[in-house]
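Below is one structure, written out as structure tokens; the observations come after it.
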Amino acid sequence: MRTIFWDDGAVKLIDQTLLPDEFKIITCKNVEELADAIKRLAVRGAPALEAAGGYGIALACFERDFKDVEEMKEHLKRRAELLASTRPTAVNLFYGIERVLKKALSGSDVEEVRKLALEEAERIAKEDIQRNKLIGKHGAKLLEDGDTVLTYCNTGRLATVDWGTALGVIRSAVEEGKRIKVIACETRPLNQGSRLTCWELMRDGIDVTLIADNMVGIVMQRGMVDKVIVGADRIVRDAVFNKIGTYTVAIVAKEHRIPFYVAAPLTTFDWERTMNEVVIEERSKDELIYCNIKCRRSLIAPKDVKVFNPAFDATPLKYVTALITEKGVIYPPYEENVPKVLKQ
Ligand code: MRU
């Protein structure tokens, strides 16, 4: 199952807003359509956004005819800005856009720019699957037969091009024959855990139990969790940015001495920055006041209530037992060990 791919001059992706009700592949024929898909989370998850950013630049190369290559390059730069304005927190999106834009700008005529951009976007997608398998291989060593792993949000096939990061670790361990059970947190307000993680794992025959986010305490207190593995949208020098609620899970895990792992590719690292320099996306109040954001019916809060709806939070690195990457597992002290891996 590929979450996002290039087909017949367009970007195709699984519309994740419809799952688990409906499995539908949508087609984005131009950058506006792709930007809209990113904003409304039809495609989401940091590594999938990296691929989307890359494919977005490729798409911009084909969306119209150009007078000459200079005009085309100006067009690509404007499209890169539009794509970069969709969501601010996952650094992978910017990496994907910039990588393909740089390649495209090195072309000397319209046809060459098109070829270079599309090849580079396809390379990002291919690399994503390869590195997720490596993350899975390294991370699986941390899991023992019989473990129950608590996870948050969706970090699986749907959050990447395929396989997944945190869910990829679980998938790899299961593939090795380990019996792993998963506890999936629902992940309010958009329910990536209940809608997407449960759907994906059940489809693959992996044992999953759904809990509401406010049940993390009781499952840890009752000894029902051996390990926590989550993904990341950006890893800076002092914190891991991930779906809102991750920070709370990390603190409760620490209180119960449960290892808390973060699985992410190196393109999620933004080691030059610190926590206070990252913009946390704030989303529409409708996500909190309506029971069903898809049709904006059935209020579950007074319509005029004031709402604070950040999409991500920052978990200080002191709560993180280890970072699982495609280059191996990184343990503290991170200020020493992360730069060594990033330099490789
Ligand atoms: O708002 P989303 O659904 O894009 O948020 C996704 C997450 O927070 C994931 O945990 C993260 O991107 C890692 S996905 C491998």
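When a residue number appears, it is its place in the shown sequence, counting from 1. Each ligand, and each atom within it, is numbered from 1 in the order the structure gives.
- Sorted by first and then second residue, the salt bridge (Lys or Arg N to Asp or Glu O under 4.0 Å) pairs with a member in residues 39-59 read D15-R40, D36-R40, E50-R131; sequence neighbours excluded.
- For atom 4 (O) of ligand 1, the closest heavy atom belonging to the protein is R87 NH1, 2.8 Å.
- By the neighbour-count criterion of 12 heavy atoms within 6.0 Å, atom NZ of K103 is sparsely surrounded, having that number or fewer from other residues, nucleotides or ligands.
- Within a 6.0 Å sphere centred on NZ of K178, heavy atoms belonging to other residues, nucleotides or ligands number more than 12.
- Put simply, no part of A311 is less than 4.0 Å from ligand 1, judged by heavy atoms.
- Proximity to A159 (heavy-atom distance under 4.0 Å) selects the following atoms of ligand 1: 14 (S), 15 (C).
- Distances shorter than 4.0 angstrom do not occur between any heavy atom of A90 and any atom of ligand 1.
- For E277, the CD atom counts as densely surrounded, since its 6.0 Å shell holds more than 12 non-hydrogen atoms of other residues, nucleotides or ligands.
- Scanning the protein for heavy atoms near atom 15 (C) of ligand 1, the closest one is T165 OG1, 3.0 Å.
- If you check which protein heavy atom lies closest to atom 5 (O) of ligand 1, you get K243 CE, 3.3 Å.
- Counting only heavy atoms of the protein, atom 8 (O) of ligand 1 lies nearest to D233 OD1, 2.8 Å.
- Applying the salt bridge (Lys or Arg N to Asp or Glu O under 4.0 Å) definition to pairs two or more places apart or across chains, those involving residues 75-90 are E32-R79, E63-R79, E74-K77, R87-E281.
- Residue Y152 has no N or O atom closer than 3.5 Å to an N or O atom of ligand 1.
- Ligand 1 places these atoms under 4.0 Å from at least one heavy atom of T155: 10 (O), 14 (S), 15 (C).
- Checking S172 against W163 by side-chain atom types alone, a donor-acceptor pair falls below 3.5 Å.
- Using a 30° and 60° split on the angle between ring planes, H75 and F66 fall in the tilted class, from 30° to 60°.
- Among protein heavy atoms, atom 3 (O) of ligand 1 sits closest to R44 NE, 2.5 Å.
- Considering backbone and side-chain atoms together, A46 places an N or O closer than 3.5 Å to an N or O of ligand 1.
- The number of heavy-atom neighbours closer than 6.0 Å to NZ of K126, taken from other residues, nucleotides and ligands shown, is 12 or below.
- Where the criterion is an N or O separation shorter than 3.5 Å, residue side chain and backbone included, G45 meets it with respect to ligand 1.
- Classification of the W6-F62 ring pair by plane angle, with boundaries at 30° and 60°, yields tilted.
- The number of heavy atoms from other shown groups lying within 6.0 Å of CG (D65) does not exceed 12.
- Between T160 and ligand 1, not a single N/O pair is under 3.5 Å apart.
- The protein non-hydrogen atom at the shortest distance from atom 9 (C) of ligand 1 is N242 OD1, 3.4 Å.
- The atoms of ligand 1 that sit less than 4.0 Å from any heavy atom of Q192 are 1 (O), 2 (P), 3 (O).
- With ligand atoms numbered from 1 in the order given, ligand 1 contributes 11 (C), 12 (O), 13 (C) to contacts under 4.0 Å with heavy atoms of A232.
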